[in-house]
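Okay, so here's the structure we're looking at.
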Amino acid sequence: MNRDKKRALCLFAGLLAFFLGLLAVGGVGVYNDSEQYITMHVHREPLYPLYLAAFRTVFGEGYLIWAMAGQGILTALGITLLAEYAARRFELRLWEELLIVALQLAPHLITRYVSALHIFLENSVMSEGLCIPLFTMFVYFLLRMLFEGKVRDAVSALFFAYLLSMTRGQMMTTILLWALLLGIQALVRKKYRVLLAAVSAVILVFLLRDLTVHMYNYGVTGYFMGNTYGKVNTLTNVIYACDEEHREVFEEGDLEQAFFDCFYRKSMEQRLNHVYAGDSFDERAAYLEENHDVLKFQILEAELSAYYFGLGEVDYYEQSSMSDEMAGKMIKKLLPACFGQWLYDYILLCRNGFVRSIAVVHPLINYAALFLYVLAAGMSLWQVLFRRRFQAAAVMGTALLFIAANVCATSLTIMCLSRYMIYGFSLFYTALFLLIREEAGNILYGRKEAEEAADVVRP
């Protein structure tokens, strides 16, 4: 066994001891959303419920501890693969590789000690416990695809993007990110046929995802349907942005207008409308984030459910589908009418999402996050345009593209909580470290060359 393999095994063993040790000390975390995954709820994407079901089938009662151990093992493996590849590709010293490992561990510690939930994700019955290691493996193969240019790495990266999309809906952005980076790579290398292959692959994967979700829900519920309540999520922020006159977009007396009147009246009674949000950006963003779930669950979902169940002989799955369909119809008519206010609120949510991707929301820290984004983009452009060095800049470009896609997609339907944004954290700071390291190396190397040249001409 060579030295690199020994180091990788030691790293994996250390990470495994870390995650399994925390599981032994802290036990399994079960939270509000956990039951939906355990019961294979129609609102949830298939992969994590199936993951839990597999452990339940094998281990029976008490399976959750084994499922959490599986999450820890996968996380340790993903971090090991990514850290070892970065060490080889960038010729990192041991302490630098360990820093990369520490950056990969940071999201787990942040969600435990900094975020509002105070949970350790890998010990929690939440889809993030599986999504984080899958994302780390996706990044590993994506970087290999960019740097090695091998078909097998491209296929592996797309496969993990598909798995991510089956774990959390927001992660469908990884499929688009894969296509964009492969397309850029094809243009740079003038392999134009690859562009067609990338577009075709994305279409096929999205079709496969849709088919898989429908088949899963058919197997669980008996209905060949997609996940529901995504449109109700989106309608929540649209209703929040509305004013009373927006009822005029509906035909007088129709059901959609009746729902709007009910939603708007109750939202105003409970102060769940943009007019109550305050004056500053921070106040308005915080108000929307605090009240999104209240507006959605206590008003929209409650009223839609009551109406459709009141029709008689309608089960939960039919009601969910009907509610989603009604929400979609209302969005099409309302959004053009309240678009200005909705867009303003959307930008506020995105701002918080960008901050939470690399920091925590705070009046002072917000500016620090902006500085880091500007620094990262500036250093990347400097390295590409003036240093003609591309590797670290490519990693940062990947990080920034993913963060932007994740933030913008999540803000369309819900607020950008830390656990939704945490995926880009490690990738961003890993890329920033590689950029700083490479720039420092360029400066030192250039200085060394200058000193050597001076020694040559010195009498």
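The structure presented is a predicted model; accordingly, all values stated were derived computationally and were not measured.
- A salt bridge (Lys or Arg N to Asp or Glu O under 4.0 Å) check over residues 139-156, counting only residues at least two apart or in different chains, returns the pairs R89-E148, R144-D153.
- With sequence neighbours left out, the side-chain contact (heavy atoms from CB on, under 4.5 Å) criterion links A286 to E290.
- For the pair E128/L121, a side-chain contact is recorded, criterion being any heavy-atom separation below 4.5 Å from C-beta on.
- A distance below 6.0 Å separates the ring centres of F160 and F141.
- Of the possible polar contacts, none joining the W178 side chain to the L142 backbone as a donor-acceptor pair under 3.5 Å is found.
- Here the side chains of Y287 and L348 are not in contact, with every heavy-atom distance at 4.5 Å or above.
- Ion pairing of E325 with K231 is absent here, as no side-chain N (NZ or NE/NH1/NH2) approaches a carboxylate O to less than 4.0 Å.
- Smallest separation of non-hydrogen atoms from S426 and L103: OG-O, 2.5 Å.
- Between R419 and D33 there is a salt bridge, with a side-chain nitrogen of the basic residue lying less than 4.0 Å from a carboxylate oxygen of the acidic one.
- Taking the centre of each ring, H108 and F19 come in below the 6.0 Å mark.
- Under the 4.5 Å side-chain criterion, counting only non-hydrogen atoms from C-beta, Y162 is not in contact with L158.
- Within the 4.5 Å cutoff, the side chain of F147 has heavy atoms near those of the L143 side chain.
- With ring centers used as reference points, F425 lies under 6.0 Å from Y429.
- Counted by atom type alone, T167 and E45 present zero donor-acceptor pairs between their side chains at under 3.5 Å.
- Side-chain rings of W66 and Y63 stay apart, their centers remaining 6.0 Å or farther from each other.
- In this structure, S34 contributes its side chain and V125 its backbone to a donor-acceptor pair below 3.5 Å.
- In this structure, the side-chain contact (heavy atoms from CB on, under 4.5 Å) partners of V151, at least two apart in sequence or on a different chain, are V155.
- Side-chain contact between N366 and D282: present, with at least one pair of heavy atoms (C-beta onward) separated by less than 4.5 Å.
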Practice task
Check the pair E301, T236 against side chain to side chain donor-acceptor pair (under 3.5 Å), reporting the backbone distance first and the verdict last.
Solution key: CA-CA 10 Å; E301 184 173 347; T236 301; over 6 Å; no
Practice task
Step by step, work out the side chain to side chain donor-acceptor pair (under 3.5 Å) result for Y240 and S267.
Solution key: CA-CA 8 Å; Y240 177 87; S267 68; over 6 Å; no
Practice task
Decide ring pair (Phe, Tyr, Trp, His ring centres under 6.0 Å) for F159 and F138; before the verdict, give the C-alpha distance in whole Å, the side-chain angles of both, and the deciding distance to 0.1 Å.
Solution key: CA-CA 8 Å; F159 173 70; F138 165 73; over 10 Å; no
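- By the ring-ring contact (aromatic ring centres under 6.0 Å, His included) test, F402 pairs with F135, sequence neighbours left out.
- No side-chain heavy atom of T136 sits under 4.5 Å from any side-chain heavy atom of L81.
- Looking at Q383 and Q391, their side chains never come closer than 4.5 Å, going by heavy atoms from C-beta outward.
- No side-chain heavy atom of E122 sits less than 4.5 Å from a side-chain heavy atom of L23.
- No salt bridge links R387 with E438; every basic N to acidic carboxylate O contact stays at or beyond 4.0 Å.
- Between E439 and R389, none of the side-chain N atoms (NZ, or NE/NH1/NH2) sits under 4.0 Å from a carboxylate O, so this pair counts as no salt bridge.
- No donor-acceptor contact under 3.5 angstrom links the side chains of S124 and Q71, judged on distance only.
- Within the structure, ring pair (Phe, Tyr, Trp, His ring centres under 6.0 Å) pairs that include any residue of residues 70-104 comprise Y85-Y140 (at least two apart or interchain).
- Counting only distance, with no hydrogens or angles, the side chain of Y37 and the backbone of Y51 share no donor-acceptor pair below 3.5 Å.
- Defined by atom type and a distance below 3.5 Å, a donor-acceptor pair is present between the side-chain atoms of H292 and N237.
- V232 and L300 make their closest contact through O-CD2, 4.1 Å (heavy atoms, listed as atom of the first residue, atom of the second, distance).
- Between F59 and F55, the ring planes are parallel. Angles under 30° get that label, and only those over 60° would be called perpendicular.
- In this structure, the side-chain contact (heavy atoms from CB on, under 4.5 Å) partners of N352, at least two apart in sequence or on a different chain, are A285, E289, R356, V361.
- Residues R44 and Q36 bring a donor and an acceptor atom of their side chains to less than 3.5 Å of each other.
- When all heavy atoms of L334 and H246 are compared, the closest pair comes out as CD2-O, 3.8 Å.
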